[in-house]
Number of protein chains: 2
Amino acid sequence: MADDDAQVPDRMGDPAHWATGRLLSTAARLVEHAWDAHLATWGLNHASFAVLWMVERGPLPQRSLATSASVQDQTMSRIVERLQRLGYVERARGTDDRRQVLVSITAEGRRVRGLAQDERLAEGLVTDAVPDPAALRRDLLALVRQLSPRRGGPA
Amino acid sequence: MADDDAQVPDRMGDPAHWATGRLLSTAARLVEHAWDAHLATWGLNHASFAVLWMVERGPLPQRSLATSASVQDQTMSRIVERLQRLGYVERARGTDDRRQVLVSITAEGRRVRGLAQDERLAEGLVTDAVPDPAALRRDLLALVRQLSPRRGGPA
DNA sequence: CATGATTACTCAGCAGGCTGAACGATTGTG
DNA sequence: CACAATCGTTCAGCCTGCTGAGTAATCATG
């Protein structure tokens with residue numbers, strides 16, 4: 001068996017032969033990795049940076065953060081816990097609905113968020129490598145819209 | 001503060017305003033999730049399925065699997081360990097180079113891989129949602145090629 | 001042949017994802 | 001007011017991904 005291929009045949013060593021889903025996952029992971037390397041300077045990563053971005057305009061319920069980010073509540077809970085440990089956000093019980101946990105950014109969190117922000121780097125990671133960034137955005141957006149669990153969709 | 005927006009302002013609730021990297025990560029995770037739901041029938045997921053696909057043609061060193069999949073050796077080690085636990089692959093020390101661990105597929109592994117294969121489902125997840133799947137593939141391929149750590153690049 | 005560098009892999013530990021189960025606060029209903 | 005249903009969050013546990021550190025085999029060099 002395997003009489004005409006090297007140890008790692010082109011068929012699998014070359015991404016050109018991968019299924020599109022695998023291509024998508026790998027590309028995402030590579031971009032994430034590069035972006036995380038930048039954010040690590042302030043103890044942040046792609047997930048926690050996105051949270052800081054969301055709460056910058058004002059306190060939000062943790063559940064809202066999870067929904068917007070398309071992750072489970074449990075996942076968001078740990079991300080916020082870590083941000084709190086770093087001193088970048090605070091958590092307080094909601095006043096009108098005391099079930100909620102309101103997440104608000106601290107002064108230090110706002111400062112760090114501003115420092116970490118680097119549109120040029122972030123977008124450049126993708127746009128510098130891709131022939132048609134606008135088309136890519138359009139396709140990714142279509143994917144996210146299509147696959148996001150729509151609450152109250154076609155009953 | 002926050003005098004003119006609802007609890008979750010459009011600015012962050014609507015993916016159209018996200019950075020491209022975040023769009024990419026989210027799209028990848030949503031596609032992965034749907035594909036994993038299918039593979040879970042046989043105890044597989046996107047990572048382990050890819051390994052079965054790679055070793056189907058013959059035994060390969062674990063390191064080669066890691067490199068092809070663009071993950072760390074440690075990550076691949078645990079994926080293979082789990083596949084071994086499921087009885088889908090076997091591990092054997094290399095004969096010529098006893099540092100290597102050669103991963104080979106079992107009969108059961110081959111059978112399950114065949115059952116789990118579903119090109120229509122896998123590709124359809126992406127192509128059914130996207131205007132121009134070919135352009136998406138081209139852009140993702142460019143990203144992977146650009147960001148993959150090239151060993152022996154410009155010295 | 002002995003020594004040191006390199007290679008292949010494993011172990012320990014952290015973080016982001018997931019599911020399932022529990023818990024407290026709120027809301028609805030009789 | 002008591003009680004059940006619901007909502008928001010947390011806890012436990014699993015998998016994938018990462019880094020850092022360690023071990024064993026191989027290779028290169030003197």
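Proteins get letters first, then strands, A, B, ... in listed order; numbering begins at 1 in each. Computed from a predicted structure; not experimentally measured.
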Measure CD/Q84(B) against C1'/dT10(C) and give the value in whole Å, please.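 Taking CD of Q84(B) and C1' of dT10(C), I get 13 Å after rounding.
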
Between dA15(C) atom C1' and F49(A) atom CZ, what is the distance in whole Å?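 Those two atoms, CZ and C1', are 18 Å apart.
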
So what does D36(B) touch, heavy atoms closer than 4.0 Å: a base, only the sugar-phosphate, or nothing? nothing

Side-chain ([X]) to main-chain ([Y]) donor-acceptor, under 3.5 angstrom:
| X | Y | value |
| --- | --- | --- |
| S48(A) | N45(A) | yes |
| D73(A) | A66(A) | no |
| R110(B) | E56(B) | yes |

Would you say V80(A) and V101(A) are hydrophobically clustered, going by side-chain heavy atoms of ILVMFWY under 4.5 Å?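 No, separate clusters.
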
Note: for E81(A) and S48(B) on DNA chain D, the residue whose nearest nucleotide lies more 5' is E81(A)

Give, for atom CD of Q84(B) and atom OG1 of T106(B), the distance between the pair rounded to the nearest 0.5 Å. 10.5 Å

What range of DNA chain D does chain B touch, first nucleotide to last, counting atoms under 4.0 Å from its heavy atoms?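 So the outermost contacting nucleotides come out as dC15(D) to dT26(D).
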
Between S77(B) and dT10(C), is there a contact of a side-chain N or O with OP1 or OP2 at under 4.0 Å?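 Result: yes.
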
Go along nucleotides 17-28 of chain C 5' to 3' and tag each nucleotide: B for a protein heavy atom under 4.0 Å from its base, S when only backbone or sugar atoms are that close, - otherwise. BBBB----BS--

D132(A)/R137(A) ion pair, N-O < 4.0 Å: no

Between R111(A) and E108(A), is there a side-chain N and carboxylate O pair less than 4.0 Å apart?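 Judged by the 4.0 Å cut-off on N to carboxylate O distance, R111(A) and E108(A) do form a salt bridge.
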
R78(A)-Q74(A) side chain donor-acceptor pair, cut-off 3.5 Å: no

Above 12 or not: heavy atoms from other molecules or residues under 6.0 Å from CD of E90(A)?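 Atom CD in E90(A) is not packed in, count stays at 12 or less.
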
So W42(A) and H38(A), would you call those rings parallel, tilted or perpendicular, with 30° and 60° as cut-offs?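 Aromatic pair W42(A)/H38(A) classed perpendicular.
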
Less than 4.5 Å apart, side chain to side chain, heavy atoms only: is that true for R63(B) and M76(B)? no

For the helix from dC1(C)-dG30(D) to dG30(C)-dC1(D), measure the angle between the helix axis at one end and the axis at the other, each built from five pairs, rounding to 10°. 0°

